[in-house]
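Here the structure is a predicted model, which is why all the values come from computation and not from measurement.
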Amino acid sequence: MFKKAVAVAMAAILAGSLAGCSSGSSSQTTAAATTAAATTAAETTQAETESEAAEETEAAETEAAAEVKAPEGFPSKDITLVNPYEAGGTSDIPSRIFADYISAHMDGAMMNVTDVTGSGGAVGAQQVMQSAGDGYTLLVAPAGYAMQYAKGSCDFTYEDFKPVCLFVTSYLGMAVNTASGITSYEDLVAAAKEKDGELKFGVATGGLPMFCVLAMEKQEGVNFNIVDIGGTTLKAPELLSGRIDVMIDSLAGLTSYVDSGDFAVLGVYADYRFANYPDVPTFAELGYDTNVMNQVFGIWAPKDTPDDVVAYLSSLFKAAAEDPDIQQQLTDLTYTASHIDTAEYNVYLENMYADFVEFAKGLE
(Lines give C-alpha, C1' and ligand atoms only; values in the text may rest on other atoms or scores of the structure.)
Protein backbone atom coordinates (compact mmCIF):
# COMPACT_ATOMS: atom_id res chain seq x y z
CA MET A 1 0.00 0.00 0.00
CA PHE A 2 2.90 2.33 0.79
CA LYS A 3 4.29 1.81 -2.73
CA LYS A 4 0.91 2.58 -4.26
CA ALA A 5 0.62 5.86 -2.32
CA VAL A 6 4.11 6.91 -3.41
CA ALA A 7 3.28 6.14 -7.05
CA VAL A 8 0.12 8.23 -6.94
CA ALA A 9 1.92 11.14 -5.20
CA MET A 10 4.71 11.11 -7.76
CA ALA A 11 2.15 11.18 -10.54
CA ALA A 12 0.46 14.23 -9.00
CA ILE A 13 3.78 16.05 -8.60
CA LEU A 14 4.69 15.28 -12.18
CA ALA A 15 1.36 16.56 -13.41
CA GLY A 16 1.74 19.81 -11.40
CA SER A 17 5.26 20.39 -12.69
CA LEU A 18 4.19 19.97 -16.25
CA ALA A 19 1.32 22.38 -15.72
CA GLY A 20 3.63 24.99 -14.15
CA CYS A 21 6.04 24.88 -17.09
CA SER A 22 3.35 25.26 -19.68
CA SER A 23 2.61 29.01 -19.45
CA GLY A 24 4.05 29.45 -22.92
CA SER A 25 2.46 26.26 -24.24
CA SER A 26 -0.98 25.39 -25.35
CA SER A 27 -3.58 23.97 -22.96
CA GLN A 28 -3.69 20.84 -25.17
CA THR A 29 -0.05 20.03 -24.30
CA THR A 30 -0.81 20.43 -20.59
CA ALA A 31 -3.83 18.12 -20.83
CA ALA A 32 -1.85 15.50 -22.73
CA ALA A 33 0.96 15.55 -20.18
CA THR A 34 -1.47 15.28 -17.29
CA THR A 35 -3.20 12.30 -18.94
CA ALA A 36 0.13 10.56 -19.53
CA ALA A 37 1.10 11.00 -15.88
CA ALA A 38 -2.22 9.60 -14.69
CA THR A 39 -1.82 6.61 -16.99
CA THR A 40 1.66 5.94 -15.62
CA ALA A 41 0.34 6.06 -12.06
CA ALA A 42 -2.49 3.66 -12.87
CA GLU A 43 -0.13 1.20 -14.57
CA THR A 44 2.26 1.34 -11.60
CA THR A 45 -0.59 0.71 -9.16
CA GLN A 46 -1.87 -2.26 -11.20
CA ALA A 47 1.63 -3.79 -11.40
CA GLU A 48 2.09 -3.46 -7.63
CA THR A 49 -1.34 -5.02 -6.99
CA GLU A 50 -0.60 -7.98 -9.25
CA SER A 51 2.80 -8.52 -7.63
CA GLU A 52 1.32 -8.49 -4.12
CA ALA A 53 -1.46 -10.89 -5.20
CA ALA A 54 1.10 -13.30 -6.64
CA GLU A 55 3.11 -13.20 -3.40
CA GLU A 56 -0.02 -13.86 -1.32
CA THR A 57 -1.06 -16.78 -3.57
CA GLU A 58 2.40 -18.35 -3.36
CA ALA A 59 2.42 -18.02 0.42
CA ALA A 60 -1.06 -19.58 0.70
CA GLU A 61 -0.06 -22.52 -1.49
CA THR A 62 3.08 -23.13 0.57
CA GLU A 63 1.10 -22.98 3.82
CA ALA A 64 -1.56 -25.40 2.48
CA ALA A 65 1.04 -27.93 1.30
CA ALA A 66 2.82 -27.80 4.67
CA GLU A 67 -0.15 -27.92 7.03
CA VAL A 68 1.71 -30.50 9.13
CA LYS A 69 5.43 -30.00 9.55
CA ALA A 70 7.60 -32.78 8.17
CA PRO A 71 9.29 -34.89 10.86
CA GLU A 72 13.00 -34.24 11.33
CA GLY A 73 14.93 -35.81 8.45
CA PHE A 74 11.81 -37.04 6.61
CA PRO A 75 11.71 -37.62 3.73
CA SER A 76 15.37 -38.33 3.00
CA LYS A 77 14.61 -40.48 -0.06
CA ASP A 78 11.79 -41.20 -2.51
CA ILE A 79 8.53 -42.75 -1.33
CA THR A 80 7.04 -45.79 -3.10
CA LEU A 81 3.26 -45.91 -3.44
CA VAL A 82 2.25 -49.50 -4.21
CA ASN A 83 -0.84 -49.86 -6.39
CA PRO A 84 -1.98 -53.51 -6.08
CA TYR A 85 -3.73 -53.56 -9.45
CA GLU A 86 -2.80 -53.08 -13.10
CA ALA A 87 -1.35 -49.94 -14.65
CA GLY A 88 -4.00 -47.66 -16.14
CA GLY A 89 -6.73 -49.15 -13.98
CA THR A 90 -9.21 -47.63 -11.55
CA SER A 91 -6.77 -47.22 -8.66
CA ASP A 92 -3.68 -46.46 -10.73
CA ILE A 93 -4.98 -43.30 -12.42
CA PRO A 94 -5.85 -41.21 -9.32
CA SER A 95 -2.79 -42.54 -7.47
CA ARG A 96 -0.54 -41.03 -10.12
CA ILE A 97 -2.44 -37.73 -10.06
CA PHE A 98 -1.92 -37.44 -6.30
CA ALA A 99 1.69 -38.68 -6.44
CA ASP A 100 2.60 -36.05 -9.05
CA TYR A 101 1.19 -33.27 -6.89
CA ILE A 102 2.88 -34.54 -3.72
CA SER A 103 6.21 -34.95 -5.53
CA ALA A 104 6.03 -31.28 -6.51
CA HIS A 105 5.42 -30.20 -2.91
CA MET A 106 7.74 -32.47 -0.92
CA ASP A 107 11.15 -31.05 -0.23
CA GLY A 108 13.88 -33.11 -1.90
CA ALA A 109 11.95 -36.33 -2.57
CA MET A 110 9.50 -37.87 -5.00
CA MET A 111 6.49 -40.16 -4.59
CA ASN A 112 6.61 -42.92 -7.21
CA VAL A 113 3.74 -45.26 -8.06
CA THR A 114 4.59 -48.90 -8.72
CA ASP A 115 2.06 -51.54 -9.79
CA VAL A 116 2.35 -54.84 -7.89
CA THR A 117 -0.45 -57.11 -9.12
CA GLY A 118 -1.72 -60.55 -8.23
CA SER A 119 -4.27 -62.47 -6.12
CA GLY A 120 -6.93 -59.77 -6.17
CA GLY A 121 -4.54 -57.16 -4.75
CA ALA A 122 -3.14 -59.40 -2.00
CA VAL A 123 0.39 -59.53 -3.44
CA GLY A 124 0.82 -55.76 -3.24
CA ALA A 125 -0.70 -55.69 0.25
CA GLN A 126 1.69 -58.36 1.51
CA GLN A 127 4.67 -56.49 0.08
CA VAL A 128 3.77 -53.33 1.99
CA MET A 129 2.87 -55.26 5.13
CA GLN A 130 6.36 -56.77 5.18
CA SER A 131 8.13 -53.47 4.48
CA ALA A 132 9.90 -51.34 7.06
CA GLY A 133 7.61 -48.99 8.96
CA ASP A 134 9.51 -45.88 8.02
CA GLY A 135 6.99 -44.11 5.76
CA TYR A 136 8.79 -44.90 2.52
CA THR A 137 6.47 -47.69 1.35
CA LEU A 138 2.71 -47.10 1.19
CA LEU A 139 -0.27 -49.06 -0.14
CA VAL A 140 -3.23 -47.89 -2.21
CA ALA A 141 -5.98 -49.76 -0.34
CA PRO A 142 -9.34 -50.40 -2.07
CA ALA A 143 -12.71 -51.11 -0.49
CA GLY A 144 -12.38 -54.52 -2.13
CA TYR A 145 -10.13 -55.67 0.72
CA ALA A 146 -13.09 -55.39 3.11
CA MET A 147 -15.21 -57.40 0.69
CA GLN A 148 -12.55 -60.11 0.41
CA TYR A 149 -12.29 -60.35 4.18
CA ALA A 150 -16.07 -60.57 4.52
CA LYS A 151 -16.15 -63.43 2.01
CA GLY A 152 -13.24 -65.23 3.70
CA SER A 153 -10.87 -64.88 0.75
CA CYS A 154 -8.15 -62.90 2.56
CA ASP A 155 -6.77 -63.09 6.08
CA PHE A 156 -5.66 -59.49 6.66
CA THR A 157 -7.53 -56.29 7.51
CA TYR A 158 -6.73 -52.63 8.01
CA GLU A 159 -5.71 -53.53 11.57
CA ASP A 160 -2.60 -55.23 10.17
CA PHE A 161 -1.51 -51.85 8.78
CA LYS A 162 -1.48 -48.26 9.94
CA PRO A 163 -4.16 -46.44 7.91
CA VAL A 164 -3.05 -42.98 6.79
CA CYS A 165 -6.11 -41.43 5.13
CA LEU A 166 -8.89 -41.85 2.60
CA PHE A 167 -8.08 -39.91 -0.56
CA VAL A 168 -10.37 -40.63 -3.51
CA THR A 169 -13.69 -42.17 -4.55
CA SER A 170 -14.34 -43.89 -7.86
CA TYR A 171 -17.78 -44.83 -9.18
CA LEU A 172 -18.69 -48.11 -10.79
CA GLY A 173 -21.06 -48.69 -13.67
CA MET A 174 -22.60 -51.81 -15.21
CA ALA A 175 -22.09 -51.96 -18.97
CA VAL A 176 -23.06 -54.06 -21.98
CA ASN A 177 -22.07 -54.04 -25.62
CA THR A 178 -24.61 -51.98 -27.57
CA ALA A 179 -24.68 -54.75 -30.19
CA SER A 180 -26.33 -57.02 -27.60
CA GLY A 181 -29.66 -55.24 -27.94
CA ILE A 182 -29.87 -54.85 -24.14
CA THR A 183 -30.70 -51.23 -23.39
CA SER A 184 -31.71 -51.23 -19.71
CA TYR A 185 -31.15 -52.96 -16.40
CA GLU A 186 -34.59 -54.53 -16.72
CA ASP A 187 -33.62 -55.95 -20.12
CA LEU A 188 -30.55 -57.55 -18.57
CA VAL A 189 -32.55 -59.13 -15.75
CA ALA A 190 -35.05 -60.53 -18.27
CA ALA A 191 -32.23 -61.94 -20.43
CA ALA A 192 -30.55 -63.52 -17.40
CA LYS A 193 -33.78 -65.24 -16.40
CA GLU A 194 -34.37 -66.46 -19.92
CA LYS A 195 -30.80 -67.77 -20.27
CA ASP A 196 -30.22 -69.02 -16.74
CA GLY A 197 -26.49 -69.34 -16.05
CA GLU A 198 -25.52 -68.59 -19.65
CA LEU A 199 -24.82 -64.85 -19.74
CA LYS A 200 -21.12 -64.27 -19.14
CA PHE A 201 -20.37 -61.65 -16.50
CA GLY A 202 -16.74 -60.50 -16.59
CA VAL A 203 -15.15 -59.55 -13.28
CA ALA A 204 -11.81 -59.49 -11.51
CA THR A 205 -12.00 -62.12 -8.79
CA GLY A 206 -11.68 -60.55 -5.37
CA GLY A 207 -12.67 -57.07 -6.48
CA LEU A 208 -15.68 -55.03 -5.46
CA PRO A 209 -17.48 -55.70 -8.81
CA MET A 210 -17.61 -59.40 -7.85
CA PHE A 211 -19.53 -58.43 -4.74
CA CYS A 212 -21.94 -56.38 -6.87
CA VAL A 213 -22.64 -59.36 -9.15
CA LEU A 214 -23.39 -61.62 -6.18
CA ALA A 215 -25.75 -58.97 -4.83
CA MET A 216 -27.59 -58.80 -8.15
CA GLU A 217 -27.94 -62.58 -8.34
CA LYS A 218 -29.39 -62.57 -4.83
CA GLN A 219 -31.79 -59.66 -5.36
CA GLU A 220 -33.08 -60.65 -8.80
CA GLY A 221 -32.99 -64.44 -8.41
CA VAL A 222 -30.75 -64.91 -11.45
CA ASN A 223 -27.53 -66.78 -12.18
CA PHE A 224 -24.64 -65.62 -14.35
CA ASN A 225 -21.66 -67.45 -15.74
CA ILE A 226 -19.06 -65.43 -13.82
CA VAL A 227 -15.80 -65.17 -15.74
CA ASP A 228 -12.56 -63.97 -14.13
CA ILE A 229 -10.88 -61.76 -16.72
CA GLY A 230 -8.82 -59.35 -14.65
CA GLY A 231 -8.94 -55.57 -14.49
CA THR A 232 -10.00 -52.66 -16.68
CA THR A 233 -7.46 -53.11 -19.45
CA LEU A 234 -8.56 -56.73 -19.92
CA LYS A 235 -12.32 -56.50 -19.39
CA ALA A 236 -13.11 -53.83 -21.97
CA PRO A 237 -11.64 -55.73 -24.96
CA GLU A 238 -13.51 -58.85 -23.84
CA LEU A 239 -16.84 -57.00 -23.83
CA LEU A 240 -16.01 -55.23 -27.07
CA SER A 241 -15.30 -58.57 -28.79
CA GLY A 242 -18.45 -60.20 -27.43
CA ARG A 243 -16.59 -62.84 -25.42
CA ILE A 244 -18.47 -61.63 -22.34
CA ASP A 245 -21.98 -60.18 -22.16
CA VAL A 246 -21.78 -57.72 -19.29
CA MET A 247 -19.24 -56.24 -16.92
CA ILE A 248 -18.85 -53.79 -14.03
CA ASP A 249 -16.06 -51.26 -14.17
CA SER A 250 -15.24 -47.72 -13.13
CA LEU A 251 -16.98 -44.98 -15.06
CA ALA A 252 -13.52 -43.64 -15.83
CA GLY A 253 -12.70 -46.90 -17.60
CA LEU A 254 -16.00 -47.00 -19.47
CA THR A 255 -16.27 -43.42 -20.68
CA SER A 256 -14.31 -43.69 -23.94
CA TYR A 257 -16.28 -46.78 -24.99
CA VAL A 258 -19.59 -45.13 -24.16
CA ASP A 259 -18.58 -42.01 -26.09
CA SER A 260 -17.70 -44.14 -29.12
CA GLY A 261 -21.10 -45.86 -28.99
CA ASP A 262 -19.67 -49.32 -28.31
CA PHE A 263 -20.90 -49.69 -24.72
CA ALA A 264 -24.09 -48.72 -22.91
CA VAL A 265 -24.18 -48.12 -19.14
CA LEU A 266 -27.23 -49.72 -17.51
CA GLY A 267 -26.74 -48.43 -13.97
CA VAL A 268 -24.34 -46.47 -11.79
CA TYR A 269 -23.32 -47.57 -8.29
CA ALA A 270 -24.04 -44.29 -6.54
CA ASP A 271 -26.77 -42.49 -4.65
CA TYR A 272 -27.24 -39.77 -7.26
CA ARG A 273 -27.21 -39.54 -11.04
CA PHE A 274 -24.20 -38.20 -12.92
CA ALA A 275 -24.35 -35.24 -15.27
CA ASN A 276 -22.60 -37.33 -17.93
CA TYR A 277 -25.28 -40.03 -17.60
CA PRO A 278 -28.50 -38.18 -16.76
CA ASP A 279 -30.76 -40.96 -18.07
CA VAL A 280 -28.93 -43.83 -16.37
CA PRO A 281 -30.48 -44.95 -13.06
CA THR A 282 -28.44 -45.40 -9.91
CA PHE A 283 -28.39 -48.73 -8.14
CA ALA A 284 -29.85 -46.94 -5.14
CA GLU A 285 -32.91 -46.28 -7.34
CA LEU A 286 -32.89 -49.94 -8.34
CA GLY A 287 -33.14 -51.01 -4.72
CA TYR A 288 -29.53 -51.76 -3.76
CA ASP A 289 -27.58 -50.78 -0.68
CA THR A 290 -24.91 -48.69 -2.40
CA ASN A 291 -23.22 -47.96 0.94
CA VAL A 292 -21.17 -51.13 0.44
CA MET A 293 -20.70 -50.56 -3.30
CA ASN A 294 -18.66 -47.36 -3.17
CA GLN A 295 -15.20 -47.82 -4.69
CA VAL A 296 -13.16 -45.82 -2.20
CA PHE A 297 -9.38 -45.84 -1.96
CA GLY A 298 -7.20 -45.08 1.04
CA ILE A 299 -3.53 -45.07 1.92
CA TRP A 300 -2.12 -47.65 4.32
CA ALA A 301 1.38 -47.84 5.80
CA PRO A 302 3.17 -50.69 7.59
CA LYS A 303 1.84 -51.13 11.11
CA ASP A 304 4.84 -49.71 12.99
CA THR A 305 5.08 -46.46 11.01
CA PRO A 306 5.55 -43.49 13.41
CA ASP A 307 2.50 -41.33 14.07
CA ASP A 308 4.23 -38.08 13.09
CA VAL A 309 5.18 -39.54 9.70
CA VAL A 310 1.59 -40.73 9.17
CA ALA A 311 0.23 -37.29 10.06
CA TYR A 312 2.59 -35.61 7.62
CA LEU A 313 1.71 -38.02 4.80
CA SER A 314 -1.99 -37.50 5.43
CA SER A 315 -1.49 -33.73 5.23
CA LEU A 316 0.15 -34.09 1.81
CA PHE A 317 -2.80 -36.07 0.47
CA LYS A 318 -5.16 -33.50 2.01
CA ALA A 319 -3.36 -30.64 0.28
CA ALA A 320 -3.65 -32.49 -3.04
CA ALA A 321 -7.35 -33.25 -2.48
CA GLU A 322 -8.07 -29.57 -1.79
CA ASP A 323 -6.19 -28.27 -4.83
CA PRO A 324 -8.67 -26.94 -7.45
CA ASP A 325 -6.64 -28.27 -10.39
CA ILE A 326 -6.49 -31.76 -8.86
CA GLN A 327 -10.21 -31.67 -8.14
CA GLN A 328 -10.95 -30.73 -11.74
CA GLN A 329 -8.72 -33.50 -13.11
CA LEU A 330 -10.53 -36.02 -10.95
CA THR A 331 -13.99 -34.70 -11.81
CA ASP A 332 -13.21 -34.92 -15.52
CA LEU A 333 -12.40 -38.61 -14.98
CA THR A 334 -15.53 -39.21 -12.81
CA TYR A 335 -13.58 -39.44 -9.53
CA THR A 336 -14.07 -37.37 -6.39
CA ALA A 337 -11.34 -36.18 -4.03
CA SER A 338 -12.44 -37.59 -0.67
CA HIS A 339 -9.80 -36.94 1.96
CA ILE A 340 -10.51 -37.87 5.57
CA ASP A 341 -7.70 -37.87 8.12
CA THR A 342 -6.21 -40.74 10.08
CA ALA A 343 -8.49 -40.80 13.12
CA GLU A 344 -11.71 -40.45 11.15
CA TYR A 345 -10.49 -42.94 8.53
CA ASN A 346 -9.94 -45.60 11.19
CA VAL A 347 -13.54 -45.20 12.33
CA TYR A 348 -14.68 -45.29 8.70
CA LEU A 349 -12.80 -48.55 8.13
CA GLU A 350 -14.19 -50.15 11.26
CA ASN A 351 -17.73 -49.37 10.11
CA MET A 352 -17.05 -50.40 6.51
CA TYR A 353 -15.68 -53.80 7.49
CA ALA A 354 -18.68 -54.38 9.76
CA ASP A 355 -21.07 -53.39 6.95
CA PHE A 356 -19.41 -55.77 4.50
CA VAL A 357 -19.52 -58.68 6.94
CA GLU A 358 -23.21 -58.05 7.57
CA PHE A 359 -23.97 -57.66 3.87
CA ALA A 360 -22.06 -60.84 3.03
CA LYS A 361 -24.24 -62.81 5.43
CA GLY A 362 -27.27 -61.75 3.42
CA LEU A 363 -25.75 -63.21 0.26
CA GLU A 364 -25.41 -66.70 1.73
Side-chain angles (χ1 to χ4, degrees), residues 90 142-144 146-147 150 166 168-178 180-196 199-204 207-224 226 232 235-236 239 244-259 261-297 330-338 348 351-352 354-363:
T90 306
M147 183 275 291
L166 186 74
V168 73
T169 300
S170 171
Y171 300 95
L172 298 171
M174 182 181 291
V176 295
N177 192 315
T178 52
S180 68
I182 296 173
T183 61
S184 68
Y185 173 82
E186 291 75 17
D187 285 350
L188 178 61
V189 172
K193 289 182 176 180
E194 181 180 346
K195 301 177 180 180
D196 186 44
L199 291 185
K200 295 179 181 179
F201 212 127
V203 298
L208 187 59
M210 177 79 174
F211 206 70
C212 297
V213 177
L214 297 176
M216 181 177 177
E217 288 185 328
K218 178 73 173 181
Q219 176 163 312
E220 302 295 350
V222 297
N223 294 293
F224 292 102
I226 299 176
T232 299
K235 281 187 288 189
L239 184 60
I244 60 173
D245 301 296
V246 58
M247 74 176 195
I248 295 172
D249 201 5
S250 69
L251 291 179
L254 294 171
T255 298
S256 63
Y257 295 95
V258 173
D259 291 345
D262 292 308
F263 293 174
V265 176
L266 306 182
V268 176
Y269 289 91
D271 295 326
Y272 56 89
R273 295 196 180 197
F274 283 79
N276 293 352
Y277 302 95
D279 299 322
V280 177
T282 68
F283 275 87
E285 294 174 52
L286 296 171
Y288 289 85
D289 179 7
T290 55
N291 183 51
V292 292
M293 296 176 180
N294 289 327
Q295 184 73 295
V296 295
F297 295 99
L330 294 171
T331 298
D332 290 344
L333 294 168
T334 63
Y335 292 93
T336 300
S338 309
Y348 179 93
N351 293 333
M352 183 175 73
D355 288 344
F356 268 101
V357 169
E358 190 63 29
F359 193 73
K361 291 178 182 178
L363 299 178

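Residue pairs meeting the salt bridge (Lys or Arg N to Asp or Glu O under 4.0 Å) criterion with at least one member in residues 212-223, sequence neighbours excluded, do not occur. Residue pairs that meet the salt bridge (Lys or Arg N to Asp or Glu O under 4.0 Å) test with at least one member in residues 169-178, sequence neighbours left out, do not exist here.
Nearest heavy-atom pair across S170 and T90 is OG-CG2, 3.2 Å. Between A191 and I182, the shortest heavy-atom contact is CB-CD1, 4.3 Å. Between V265 and V258, the closest heavy-atom pair is CG2-CG2, 3.7 Å. Of all heavy-atom pairs spanning F356 and A146, the tightest one is CD1-CB, 3.6 Å. Here the closest heavy-atom approach between residue G173 and residue L251 is recorded as CA-CD2, 4.0 Å. Of all heavy-atom pairs spanning L172 and M293, the tightest one is CD1-O, 4.2 Å.
In this structure, T334 has no side chain to side chain donor-acceptor pair (under 3.5 Å) partners at least two apart in sequence or on a different chain. Scanning for ring pair (Phe, Tyr, Trp, His ring centres under 6.0 Å) contacts around F297 gives an empty result, with sequence neighbours left out. Not counting sequence neighbours, the partners of Q219 by the side chain to side chain contact (heavy atoms under 4.5 Å, CB included) test are Y288. Checked against side chain to side chain donor-acceptor pair (under 3.5 Å), N351 has no partners two or more places apart in sequence or in another chain. The side chain to side chain donor-acceptor pair (under 3.5 Å) check on S256 picks up nothing, with sequence neighbours excluded. Legend: residues meeting ring pair (Phe, Tyr, Trp, His ring centres under 6.0 Å) with F274, ordered by chain and number and at least two apart, are Y171, Y272. Residues that satisfy the side chain to side chain contact (heavy atoms under 4.5 Å, CB included) test with D355, not counting sequence neighbours, are N291, V292. In this structure D289 satisfies the side chain to side chain donor-acceptor pair (under 3.5 Å) test with no other residue, sequence neighbours excluded. Here N177 pairs with A179, L239 under the side chain to side chain contact (heavy atoms under 4.5 Å, CB included) rule; sequence neighbours left out.
One N or O on the side chain of D245 and one on the backbone of K200 form a donor-acceptor pair closer than 3.5 Å. Counting only distance, with no hydrogens or angles, the side chain of Y269 and the backbone of S250 share no donor-acceptor pair below 3.5 Å. Side chain of T169 to backbone of V296: no donor-acceptor contact under 3.5 angstrom is found. Using a distance-only test at 3.5 Å, with no hydrogens or angles considered, no donor-acceptor pair links the side chain of S180 to the main chain of V176.
The CG atom of N223 sits 11.0 Å away from the CG atom of L199 when rounded to the nearest 0.5 Å. A distance of 10.5 Å separates CG of L254 from CG of D259, quoted to the nearest 0.5 Å. For the atom pair N294 CG and M352 CE, the distance stands at 10.0 Å (nearest 0.5 Å).
Looking only at side-chain heavy atoms (C-beta outward), I244 and F201 stay at 4.5 Å or farther from each other. Using a 4.5 Å heavy-atom threshold, the side chains of V203 and M247 count as separate.
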Run the side chain to side chain contact (heavy atoms under 4.5 Å, CB included) test on M174 and M216 for me, step by step, so that the C-alpha distance in whole Å, both residues' side-chain angles and the decisive distance to 0.1 Å come before the verdict.
CA-CA 11 Å; M174 182 181 291; M216 181 177 177; 3.6 Å; yes
Show your reasoning for whether side chain to side chain contact (heavy atoms under 4.5 Å, CB included) applies to I226 and M210.
CA-CA 9 Å; I226 299 176; M210 177 79 174; 3.9 Å; yes
So T331 and T336, side chain to side chain contact (heavy atoms under 4.5 Å, CB included) or not? Walk me through it.
CA-CA 6 Å; T331 298; T336 300; over 6 Å; no
Candidate pair S338 and V168, rule side chain to side chain contact (heavy atoms under 4.5 Å, CB included), full reasoning
CA-CA 5 Å; S338 309; V168 73; 5.6 Å; no
Report, one line per pair, each donor and acceptor closer than 3.5 Å where one atom sits in a side chain of residues 276-283; sequence neighbours left out.
residue: T282; atom: OG1; partner: A284; partner atom: N; Å: 3.4
residue: T282; atom: OG1; partner: E285; partner atom: N; Å: 3.0
residue: T282; atom: OG1; partner: E285; partner atom: OE2; Å: 3.4

